Amino acid sequence: IDKNPSYIRALQGLADIFGEQKKFKECLALLEKIRINSPRNPSRLAKIAECHLALGDLDRADTSFSKSLSLDEHSMQTRESLAKVRLALGDYESARLLIAHCGQVSKIASYLNSYGIKLVKEGRYKESIEHYKKAQLVLPTNSNRHQILFNIGLAYAKWGKFVEAKQYAQLALARDPEYEKAFQLLKSVEARLTQ
């Protein structure tokens, strides 16, 4: 880079190193410099979007992921990442459409579940429940619905709202009568309600 400040391979290599070190501002600066000479590279645009996302700039992440996807509409990873950004922005309809065309919905479902668990651990029960209810709207109807219902019930139980927790445990069991976690939650909640 010292000998040739425009050498794209070296700049990209250094940007990758910064990305691995979670130095996202430095990574982003190099990627933007490279983009001037190569503005239509979809994988580079996706990396730029990832930096914006890591830095908390959802709007710029959305813009860069969208540009990347318009150049490579077959990139499932970019589609999944854009869906996550749209979820974070509260654009559930757009997220639902993106998810409907993802190869593996399980990655998005796992992401949604992890975020809901994080909210519960932080004691943000109401937000967690709202998050899980919205997750039901964006995920296609599938066999994982019982897990979402269970998670809502669990959040209610941790919040101390045992009547609601019981209802959601029962709903989870109605979807999957063999779901052991929901059965244990129901048992636990019923014991709390009879005290």
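As the structure is a prediction and not an experimental result, all values here were calculated from the model.
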Between S75 (side chain only) and D72 (backbone N and O only), is there a donor and an acceptor less than 3.5 Å apart? no

Quick one: do L58 and L82 end up in the same hydrophobic cluster if we chain Ile, Leu, Val, Met, Phe, Trp and Tyr together by side-chain heavy atoms under 4.5 Å apart? yes

Distance col, row Y179:OH vs L173:CG, nearest 0.5 angstrom, shows 9.5 Å

Quick check: does any side chain N or O of S38 sit under 3.5 Å from a backbone N or O of N41, one acting as donor and the other as acceptor?
-> no

Between G153 and A165 the two heavy atoms that sit nearest each other are O-CB, 3.3 Å

Is it true that K47 and E50 have a side-chain N and a carboxylate O under 4.0 angstrom from each other?
-> no

Task: Y132 reachable from L149 in the ILVMFWY side-chain graph, under 4.5 Å edges - done: yes

**Asked** So, do E32 and L28 sit near enough that their side-chain heavy atoms are less than 4.5 Å apart?
**Response** yes

Working note: L193 + F162, criterion side chain to side chain contact (heavy atoms under 4.5 Å, CB included); need CA distance, chi angles, decisive distance, verdict. CA-CA 7 Å; L193 287 170; F162 300 114; 3.6 Å; yes

ask   = Would the F18 and F24 ring centres measure less than 6.0 Å apart?
value = no

What one should report as the nearest heavy-atom pair of R79 and L98 is CD-O, 3.5 Å

For Q77, I'd like to know if atom CD has over 12 heavy atoms of other residues, nucleotides or ligands within 6.0 Å.
no

- request: Kindly indicate whether the side chain of I129, heavy atoms from C-beta on, has any atom under 4.5 Å from the side chain of W159.
  value: yes

L11 versus L31: any side-chain heavy-atom pair under 4.5 Å?
-> no

Assess whether side-chain hydrogen bond (donor to acceptor under 3.5 Å, both in side chains) is satisfied between S68 and R40, documenting all intermediate values.
CA-CA 8 Å; S68 175; R40 296 185 52 82; over 6 Å; no

Same hydrophobic cluster for I108 and V138, using side-chain heavy-atom links shorter than 4.5 Å among ILVMFWY? yes

Separation between CG (D2) and OH (Y7), nearest 0.5 Å, reads 14.0 Å

Inset, instruction - Would you please indicate yes or no on a ring centroid separation below 6.0 angstrom for Y168 and Y156? - result: yes

Q) Between K118 and E122, does a salt bridge (Lys or Arg N to Asp or Glu O under 4.0 Å) hold up when you go through it step by step? A) CA-CA 6 Å; K118 176 182 172 282; E122 293 172 357; 3.1 Å; yes

CZ of R86 to CG of L97, rounded to nearest 0.5 Å, is 9.5 Å

Practice prompt. Using only heavy-atom distances, determine whether the side chains of S64 and R44 contain a donor-acceptor pair under 3.5 Å.
Written response: no

>> Does D91 form a side chain to side chain contact (heavy atoms under 4.5 Å, CB included) with D62? I'd like the steps, not just the answer.
In response: CA-CA 11 Å; D91 186 352; D62 182 82; over 6 Å; no

Treat each ILVMFWY residue as a node, draw an edge where side-chain heavy atoms are under 4.5 Å apart, and state whether I1 and I17 are in one component.
no

Review point. Taking S114 for the side chain and S110 for the main chain, is one N or O donor matched with an acceptor at less than 3.5 Å?
Key: yes

Original post:
Going by distance alone, is a donor N or O of one side chain under 3.5 Å from an acceptor N or O of the other, for D16 and Q12?
Top reply: yes

- Item | Heavy-atom side-chain proximity of I148 to I152 below 4.5 angstrom | yes

Minimal heavy-atom distance between L53 and F65, with the atoms involved, is CD2-CE1, 4.4 Å

| request: Please examine the side chains of L71 and L45, heavy atoms only from C-beta on, and report whether any two atoms are closer than 4.5 Å. | output: yes

Subject >> Side-chain donor/acceptor of H131 to backbone N/O of L112, under 3.5 Å >> reply: yes

message = Please check: side-chain N/O of R145 versus main-chain N/O of R175, any donor-acceptor pairing under 3.5 Å?
response = no

Between the CD1 atom in I8 and the CD1 atom in I36, the distance rounded to the nearest 0.5 Å is 10.5 Å

The reported gap from CZ in F150 to NZ in K181 (rounded to nearest 0.5 angstrom) is 5.5 Å

Rounded to the nearest 0.5 Å, the CZ atom of R124 sits from the CD atom of E127 at a distance of 4.0 Å

Exercise for the section: Indicate, with yes or no, if L139 and Y115 share a hydrophobic cluster defined by side-chain heavy-atom contacts under 4.5 Å among Ile, Leu, Val, Met, Phe, Trp and Tyr. Expected result: no

Under a 3.5 Å distance rule, please check whether N151 uses its side chain to pair with a backbone N or O of Q147 as donor and acceptor.
yes

> Under 3.5 Å, side chain of S128 to main-chain N/O of G116, donor-acceptor pair present?
Replying inline: yes

**Q.** Salt-bridge present (K133, E130; N to O < 4.0 Å)
**A.** no

Are C27 and Q21 close enough that some pair of their side-chain heavy atoms sits under 4.5 Å apart? no

